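Here the structure comes first, spelled out in structure tokens, and everything after it is commentary.
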Amino acid sequence: MSHMRPFPSIVKFNQLLHSLTKLKHFSHSLHLFKQMCALRVPVSDYTMSIAIKCCCQLYRTNDAFSVLGFCFKLSIVPNVFIFNALLDGLILEDRILEAEVFFKKLINNKLCEPDVVMYSTMIKGLCKVGNNVIAIQMLSLMDESGCKPNVVTYSNIIDSLCKDKMIEDANKLFKEMVFKKGISPDVITYSSLIDGFCSLGRWEEASKLLQEMLDVGMSPDLQTFTILVNAFCKEGKVEETENVIDIMLEKGILPDIVTYNTLINGYCLRGELNKAKTNFDSMVFRDLAPDVVTYSSLLNGYCKSLKMDDAMLLFQEMNEKGVKPDVVTYSSMIQGLFRVGRCGDARKLFDKMHGKCQMPDQLTYGIILEGLCNNHKIEEALSLFHLMGDIKLNTEIVMYTILIDGASKCGKFDIARLLFQDLTDKGLCPNVRTYSVMISGLCREGLVGDAKDLFLKMEASGCPPNNVTYNILLQGYLKNKHNDDVEMLLHEMDGRCYSLDATTLELLLNQIASGLLDNTLLELISKLVPKELMDGPSFTTLLENVKK
DNA sequence: CTAGGGTTAG
């Protein structure tokens, strides 16, 4: 095309760039764009919108704005597609404040009339930074300014609410969309809600939605099925998981790499390593190449089960296959090695990740601090902590909590106490975990009175104890024979609708059995036992209907 | 020849 004179129509060039962009070959597309400019091909506004989109998708939004400047030079008037791409780029880079300023500037300077896509993009950005309330305000704002929201606008907010576990609000908005606005939900809206309900274990409602979809003749797609697979195998519902896969295949929908990764990860989290490995093998058999997520998930499964030799072999295999381990992979491996006491090997891998330019992040450092503490290397952990510098920004309290827990578990409660004092002096606020870990440490030392004082201080400090804190203190009372306090705490837990964890329950029952605790407590205790995981048959029956 | 929403890993 570049050798033809005159040049082919710009439409032909645009089609070419468009195809590359659709295939996500953004840099190639940009490369061609640059060549076109060098050849002085008369580019159009559409060409510019593609170039700008490519920059944005490559996280080079600043460059995209340079291209916008180039538009003015060429006397190309930027259109709403160009502005939307730029807005989306800012949001992709989490530059929400700049996005808002840009959005307002476009409106105030009448550079373009915001359309439903622009509003939806802005709403997506607000949701992304956790500003659901403002997002909902913008929803009514757009309505007032005569721009009708559509199913995408609503789905953006609904999904965000679901992710924040605000499922009731999501459901309310869903109803508003359907009944007040007459906008029909599509497969994406349903999938978001189903995922929301599933992740809260609310199977009944999830299945009702799935049924509703089927009733209106809408078929779940690959992503909907992947959502169901994710929910089922994370819960250990093996039969249901396999059922979903079978149904997918019957409907001619083939699992993709994400579906397999989801399966493998889900099984690994349940310790079902054989199932995970079987799925790993079958994805290879189906000609899907495992990626870094696949390997990291399976490897994490091995690490969590302390099968470090298998993990090492897999780590080797991924390197041989040319799949580059990333910070997640290394962190999993390091955690596993620490857990089996192979501190030297953990250290080697830590050095290696630096060598491969995979920089440890906050989670990695947390894993290492915990690993060092669990292997009685408190001093090393402390010096690493002091060397960490900026990396611990925003997570310093997390690191402190790990160290406090580690020190007191090693019997060095004096260090734990110093650390707790230190963080307070620095003006850091202990969170519920910090307090819980401290209370646990105090109880371990037999200082139940101090533990109780700290427990009471939590409420006053605006950081009320949670279910875990209660269980920790209760265990402290039980182990230190503070039986008078036990009953009171149980009543409080009942009042707060808290429940006993397995360890605390066992401790309670043992003490009752051995006569250390009064058996009249049994009635109260039974109220605090969490409901069994609901294995209602409804989901299974429903899956049968999906087949039809 | 145009744009925006849902699924996976430490």
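Chain letters run A, B, ... following the sequence lines, proteins first, then strands; residues in each count from 1. It should be emphasised that the depicted structure is a prediction, and the values quoted were computed from it without experimental measurement.
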For this session: Give the ring-plane orientation class for A/His25 versus A/His28, where under 30° counts as parallel, over 60° as perpendicular and anything between as tilted.
Result: tilted

Exercise. How many angstroms lie between atom NZ of A/Lys234 and atom SG of A/Cys198, to the nearest 0.5 angstrom?
Worked result: 11.0 Å

Seminar exercise, completed: Regarding the side chain of A/Val152, the nearest nucleotide among B/dG5, B/dG10, B/dA3 is B/dG5

For this session: Give a yes or no on whether a donor-acceptor pair under 3.5 Å exists between the nucleobase atoms of B/dG5, that is its base, and the side chain of A/Thr153.
Result: no

Problem set entry | DNA chain B-proximal residues of residues 299-306 of chain A, any heavy atom under 4.0 Å | A/Asn300, A/Lys304

For this session: Residues of residues 129-151 of chain A with any non-hydrogen atom less than 4.0 angstrom from an atom of DNA chain B: list those, numerically ordered, please.
Result: A/Asn150, A/Val151

Seminar exercise, completed: To the nearest angstrom, the CD1-P distance between A/Ile194 and B/dG6 comes to 15 Å

Problem set entry | Spacing between A/Asp159 atom CG and B/dG4 atom C1', to the nearest angstrom | 13 Å

Problem set entry | For A/Ser29, all residues meeting side chain to side chain donor-acceptor pair (under 3.5 Å), sequence neighbours excluded | A/Thr21

For this session: Kindly say whether, by distance alone, the side chain of A/Ser155 makes a donor-acceptor pair under 3.5 Å with the base of B/dG5?
Result: yes

Exercise. Can you name the residues that form a side chain to side chain donor-acceptor pair (under 3.5 Å) with A/Lys275, not counting sequence neighbours?
Worked result: A/Glu242

Exercise. Counting side-chain heavy atoms from CB outward, which of B/dT7, B/dA9, B/dT2 is closest to A/Gln223?
Worked result: B/dT7

For this session: Inspect the surroundings of CZ in A/Phe72 and state if more than 12 heavy atoms from other residues, nucleotides or ligands are less than 6.0 Å away.
Result: yes

Exercise. Is a donor-acceptor pair below 3.5 Å formed from side chain A/Thr364 to base B/dG10, judging by atom type as modelled?
Worked result: yes

Exercise. If you take atom types as modelled and just measure distance, does the side chain of A/Ser120 reach the base of B/dG4 with a donor-acceptor pair under 3.5 Å?
Worked result: yes

Problem set entry | Value in whole Å for how far the P atom of B/dT2 lies from CZ of A/Phe83 | 21 Å

Exercise. Which nucleotide in the list B/dG10, B/dA3, B/dG6 gets nearest to the side chain of A/Asn84?
Worked result: B/dA3

Exercise. Between the base of B/dG5 and the side chain of A/Ser192, is there a donor-acceptor distance below 3.5 Å?
Worked result: no

Exercise. What pairs of residues pass the salt bridge (Lys or Arg N to Asp or Glu O under 4.0 Å) test when at least one of them lies in residues 258-268 of chain A, not counting sequence neighbours?
Worked result: none

Exercise. Among B/dT2, B/dG4, B/dT8, which is the nearest nucleotide to the side chain of A/Val258?
Worked result: B/dT8

Seminar exercise, completed: Which of B/dT7, B/dG4, B/dA3 is nearest the side chain of A/Asp195? It is B/dT7

Exercise. Any idea which of B/dA9, B/dA3, B/dT8 is nearest the A/Thr262 side chain?
Worked result: B/dT8

Exercise. Can you tell me how far P of B/dA3 sits from CG of A/Asp45, to the nearest Å?
Worked result: 14 Å

Exercise. For A/Asp221, which contact category applies under a 4.0 Å heavy-atom criterion: base, sugar-phosphate, or nothing?
Worked result: base

Exercise. Does any pair with a residue in residues 7-23 of chain A pass salt bridge (Lys or Arg N to Asp or Glu O under 4.0 Å), and if so which ones, sequence neighbours excluded?
Worked result: none

Exercise. Ignoring hydrogens and angles, does a donor from either the side chain of A/Asp186 or the base of B/dG5 sit under 3.5 Å from an acceptor on the other?
Worked result: yes

Exercise. In terms of side-chain heavy atoms of A/His18, which of B/dG10, B/dT2, B/dT7 is nearest?
Worked result: B/dT2

Exercise. Whole-Å distance between B/dG6 P and A/Ile253 CD1?
Worked result: 19 Å

Problem set entry | Listed nucleotide nearest any side-chain atom of A/Asn230, set B/dA3, B/dT7, B/dG10 | B/dT7

Exercise. Within this structure, what is the NZ-to-C1' distance between A/Lys53 and B/dT2, rounded to whole angstrom?
Worked result: 10 Å

For this session: Taking side chain to side chain donor-acceptor pair (under 3.5 Å) as the test, write out the residues that go with A/Thr294, two or more places apart.
Result: A/Asn261, A/Asp291

Exercise. Between the side chains of A/Asn62 and A/Arg95, is a donor N or O closer than 3.5 angstrom to an acceptor N or O?
Worked result: yes

For this session: Using heavy atoms and a sub-4.0 Å distance, could you list which residues of residues 169-185 of chain A are near DNA chain B? By number, please.
Result: none

Expected list for residues 302-315 of chain A: side-chain donor-acceptor pairs under 3.5 angstrom, two or more places apart:
from: A/Lys304; atom 1: NZ; to: A/Asn300; atom 2: OD1; distance (Å): 3.4
from: A/Ser305; atom 1: OG; to: A/Gly301; atom 2: O; distance (Å): 3.1

Exercise. A/Met1 and A/Leu16: side-chain contact (heavy atoms from CB on, under 4.5 Å), yes or no, with the steps?
Worked result: CA-CA 10 Å; A/Met1 286 165 79; A/Leu16 182 64; 4.2 Å; yes

Exercise. Under 4.0 Å between a side-chain N or O of A/Lys128 and OP1 or OP2 of B/dG4?
Worked result: no

For this session: Respond yes when some side-chain nitrogen or oxygen of A/Lys124 is under 4.0 Å from OP1 or OP2 of B/dG6, and no when none is.
Result: no

For this session: Return the orientation label for the A/Tyr119 and A/Phe103 ring planes: parallel under 30°, perpendicular over 60°, tilted otherwise.
Result: perpendicular

Exercise. According to the salt bridge (Lys or Arg N to Asp or Glu O under 4.0 Å) rule, which pairs have a member within residues 173-192 of chain A, sequence neighbours left out?
Worked result: A/Asp143-A/Lys181

For this session: Using whole Å, report how far CZ of A/Phe225 lies from C1' of B/dT8.
Result: 18 Å

For this session: Examine A/Tyr295 together with A/Phe280 and report whether their ring centres are nearer than 6.0 Å.
Result: yes

Problem set entry | Proximal nucleotide (of B/dG5, B/dA9, B/dA3) relative to the A/Ser297 side chain | B/dA9

Exercise. Between B/dA9 and A/Lys234, is there an OP1 or OP2 to side-chain N/O distance shorter than 4.0 Å?
Worked result: yes

For this session: May I have the distance from A/Ile188 (atom CD1) to B/dG4 (atom C1'), rounded to whole angstrom?
Result: 10 Å

Problem set entry | Geometric cation-pi criterion, A/Lys208 with A/Trp203: 6.0 Å, 45° | no

For this session: Report yes or no: is the cationic atom of A/Lys53 (NZ for Lys, CZ for Arg) under 6.0 Å from the centre of the six-membered ring of A/Phe26, at an angle within 45° of the ring normal?
Result: no

Exercise. Does A/Ser191 get its side chain close enough to the base of B/dG6, under 3.5 Å, for a donor-acceptor pair?
Worked result: yes

Seminar exercise, completed: Among B/dA3, B/dG4, B/dG10, the one nearest any side-chain atom of A/Val328 is B/dG10

For this session: Measure distances between side-chain N and O atoms of A/Asp326 and base N and O atoms of B/dG10, and say whether any donor-acceptor pair falls under 3.5 Å.
Result: no

Seminar exercise, completed: By side chain to side chain donor-acceptor pair (under 3.5 Å), A/Asn131 pairs with (sequence neighbours left out) none

For this session: Name the nucleic acid region contacted by A/Thr224, choosing base, sugar-phosphate or nothing; use a 4.0 angstrom heavy-atom cut-off, strictly under.
Result: base

Exercise. Among residues 333-360 of chain A, which contact DNA chain B at a heavy-atom distance under 4.0 Å?
Worked result: A/Gln335

